[in-house]
Amino acid sequence: MSQENTKKNYIIPAPVNQEFFEQPTLLLARSLLGCILAKETRDGLAGGYIVETEAYIGPGDKAAHSYLNRRTKRTEVMFGESGLAYTYVMHTHCLVNVVSGGIGKPEAVLIRAVEPVYGEGLMHERRGVDQTIKLTSGPGKLTKALGITMEDYGRRLTEPPLFIAKGIGPESISTGTRIGIGNSGEAKDYPWRFWITGNPFVSK
DNA sequence: CCGGTGATTGTCT
DNA sequence: GACAATCACCGGC
């Protein structure tokens with residue numbers, strides 16, 4: 001159930017429970033579509049519907065950071081329990097994943113795009129763009145819009161400040177190959193990218 | 001310690 | 001379509 005916080009002028013949606021994250025990674029990647037991803041900071045709440053995801057299933061996935069069970073400081077959280085946040089820096093941007101697969105199985109779902117629902121004004125401030133479509137239509141854009149940083153590495157997504165909540169049920173889901181992993185052999189052909197059919201915030 | 005690499009984005013041609 | 005920005009991570013020496 002949602003709880004109203006009368007000290008602030010918005011309603012914080014209730015996070016999903018732990019069991020939600022314990023489904024197989026490819027199913028979780030689909031189930032996350034339509035859910036709310038939100039972050040609460042001093043500046044307020046910012047969040048939106050997840051409209052695009054990608055699954056990464058180490059150790060057999062050459063495109064995954066955890067390929068061959070590679071366990072390093074960066075990938076460590078992927079070996080932890082499902083429902084933790086795996087954030088990492090890509091060039092000048094921070095990207096966010098949902099850890100899945102359970103303890104010892106380094107799998108994750110990358111959040112590639114969301115559709116603004118809460119704090120759109122705040123997102124405009126953070127992004128410095130005036131077109132709403134540019135706010136969250138990419139994995140690096142959405143983290144900046146929501147205020148997600150490396151500070152969120154390893155945080156549980158079942159409670160604020162960074163959490164996932166039930167949203168809408170997508171009418172139709174499309175699948176395809178993942179983006180930006182050209183140098184990963186046959187893994188580049190796996191149909192492990194999912195998006196809400198026709199949603200304008202899906203990355204191009 | 002040093003150099004290559006990358007699950008991206010914005011800008012310029 | 002090409003490319004720079006900019007940096008943490010990672011492997012090799």
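Quick note: numbers below take in every heavy atom, side chains included, and nothing from hydrogens, waters or symmetry partners. Every chain is numbered from 1, with letters handed out A, B, ... down the list of sequences.
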Practice prompt. Could you note down all residue pairs passing salt bridge (charged side-chain N to carboxylate O under 4.0 Å, His left out) where residues 185-201 of chain A supplies at least one of them, sequence neighbours left out?
Written response: Glu52(A)-Arg193(A)
Fill in: DNA chain B: 5'-most and 3'-most nucleotides touching chain A, 4.0 angstrom heavy-atom criterion
dG6(B) to dG10(B)
Practice prompt. Sorted by first residue and then second, give each salt bridge (charged side-chain N to carboxylate O under 4.0 Å, His left out) pair with at least one member in residues 125-145 of chain A; sequence neighbours left out.
Written response: none
Item to complete: Would you please name every residue forming a salt bridge (Lys or Arg N to Asp or Glu O under 4.0 Å) with Arg74(A), sequence neighbours left out?
Response: none
Worksheet item: At under 4.0 Å between heavy atoms, what does Arg127(A) touch on the DNA or RNA strands: base, sugar-phosphate, or nothing?
Response: sugar-phosphate
Worksheet item: Would you say Arg70(A) reaches dG11(C)'s phosphate, i.e. side-chain N/O to OP1/OP2 under 4.0 Å?
Response: yes
Could you list the donor-acceptor pairs under 3.5 angstrom formed by side chains in residues 84-97 of chain A, with sequence neighbours left out?
from     : atom 1 : to        : atom 2 : distance (Å)
Tyr86(A) : OH     : His65(A)  : ND1    : 2.7
Thr87(A) : OG1    : Tyr153(A) : N      : 3.3
Asn97(A) : ND2    : Tyr86(A)  : O      : 3.3

Worksheet item: Atom CD of Glu151(A) to atom C1' of dA8(C): distance rounded to whole Å?
Response: 15 Å
Worksheet item: Who are the salt bridge (Lys or Arg N to Asp or Glu O under 4.0 Å) partners of Glu76(A), not counting sequence neighbours?
Response: Arg71(A)
Discussion item. Given a 3.5 Å cut-off on both pairing distances, which stems involving DNA chain C, each at least three consecutive Watson-Crick or G-U pairs, are present, if any?
Written reply: B:1-6 with C:7-12, B:8-12 with C:1-5
Fill in: Set of residues satisfying side-chain hydrogen bond (donor to acceptor under 3.5 Å, both in side chains) with respect to Thr175(A), sequence neighbours excluded
none
Worksheet item: Who are the side-chain hydrogen bond (donor to acceptor under 3.5 Å, both in side chains) partners of Thr25(A), not counting sequence neighbours?
Response: Ser100(A), Glu107(A)
Practice prompt. Could you tell me which residues satisfy side-chain hydrogen bond (donor to acceptor under 3.5 Å, both in side chains) with Thr132(A), sequence neighbours excluded, listed by chain and number?
Written response: Glu120(A)
Practice prompt. Would you classify Arg178(A) as touching base, sugar-phosphate or nothing, given that sugar-phosphate means primed atoms plus P, OP1 and OP2, and contacts are heavy atoms under 4.0 Å?
Written response: nothing
Worksheet, complete the sentence: Sorted by number, residues from residues 83-120 of chain A placing a heavy atom under 4.0 Å from DNA chain C are His91(A), Thr92(A)
Practice prompt. Give a yes-or-no answer on whether the side chains of Thr75(A) and Ser66(A) include a donor-acceptor pair shorter than 3.5 Å.
Written response: no
Worksheet item: Do any pairs count as a salt bridge (charged side-chain N to carboxylate O under 4.0 Å, His left out) and have a residue in residues 78-100 of chain A, sequence neighbours left out, and if so which ones?
Response: Glu81(A)-Arg156(A)
